[in-house]
Amino acid sequence: NKRIPETFRIFSKNITTDENDFSHKISIGFKLKNDVSFDTAGSYGAFCFFPTQEITNQKFLIHAPFLLTDNRQNLLPNQEWNKLLIKELVQLTQESFKVFRNEDLSGNNSILAKNFLNFLPYNENAFFDQNTSNPIQFYPFYKGFLELLQTEQILPGRNNTFYNKEKAYWAADPDLADLFSDQQLSQLLAVDNAGFVFTDLGYKNAEYTNRPLANYLKYSVKEIIDP
């Protein structure tokens, strides 16, 4: 069978340690369906030049020169080098989402706004070893995304607009968001430049169908509007 080529949007950066000047390259890759949509149907194991069996719980590929077990299938645990690489990969992921946001703001596309919720690693339980109850090595991605939502102007609203937590309001029902423009919402709340976020997903429906997602997003907005 003929293989269908896959296209990825790649972000990379080099890391130099204090011990020497040798540069190490780390990368993340987002699989594209087309120019305005990511393929988030599956998840990827960590790559270290070749795929490993390490589950990252991310909808994108990550690559770094990890320290591996002898069979090269798993990351060595409790290694400061691996912890550093994961920390840098989290920061690279945060920066990539800011790039996507800026592209949306420029009007070139709506790639982040249309794919935002699909990328969120909202299920905290997935980042804990079920046998030991200890966090897996990629738990910093869970915390890194949460930090991004709570500190950056990254929450998607309508018409390629984005809000930070202090300006973001989530309607309990999508019909409620349809009743008011963002300007009207700002006037009603006496908050300059406020707006509705996650307008296709009401909080009540999210809580009913996907409570971990609802809880994840709930702490990333200023308030849930439920008259």
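Atoms considered below: every heavy atom in the structure, side chains included; atoms not considered: hydrogens, waters and symmetry mates. Position 1 is the first residue of the sequence, and the numbers go up from there.
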Whether H24 and F22 hold their rings parallel, tilted or perpendicular, with breakpoints at 30° and 60°:
perpendicular
Using 30° and 60° as the class boundaries, would you call the ring planes of F38 and F30 parallel, tilted or perpendicular?
tilted
Just checking, any donor-acceptor pair under 3.5 angstrom between side chains of Q94 and E152?
no
Taking the six-membered ring for Trp, are [X] and [Y] closer than 6.0 Å centroid to centroid?
{"X": "F145", "Y": "Y122", "answer": "no"}
{"X": "F119", "Y": "F141", "answer": "no"}
{"X": "Y203", "Y": "Y169", "answer": "no"}

[X] side chain near [Y] side chain, heavy-atom distance below 4.5 Å:
{"X": "S220", "Y": "L146", "result": "yes"}
{"X": "L112", "Y": "F162", "result": "yes"}
{"X": "W170", "Y": "L201", "result": "yes"}

Counting neighbours of NZ on K87 that are heavy atoms of other residues, nucleotides or ligands and sit closer than 6.0 Å, is the number greater than 12?
no
When you check the gap from the basic side-chain N to the acidic O, do K114 and E103 get nearer than 4.0 Å?
no
Run the side-chain contact (heavy atoms from CB on, under 4.5 Å) test on W81 and F66 for me, step by step, so that the C-alpha distance in whole Å, both residues' side-chain angles and the decisive distance to 0.1 Å come before the verdict.
CA-CA 7 Å; W81 174 244; F66 295 111; 6.0 Å; no
I would like to know whether F196 and F180 meet ring pair (Phe, Tyr, Trp, His ring centres under 6.0 Å); could you show each step before the answer?
CA-CA 9 Å; F196 282 115; F180 299 96; 7.1 Å; no
Is there a continuous path of hydrophobic side-chain contacts, each under 4.5 Å between heavy atoms, that joins F97 to V197?
yes
Between F128 and I136, what is the shortest heavy-atom contact and its length?
C-CG2, 4.1 Å
Evaluate Q137 against Q79 for side chain to side chain donor-acceptor pair (under 3.5 Å), listing each step before the verdict.
CA-CA 10 Å; Q137 298 199 60; Q79 297 291 318; over 6 Å; no
Measuring from L176:CG to K204:NZ, what's the distance to the nearest 0.5 Å?
9.5 Å
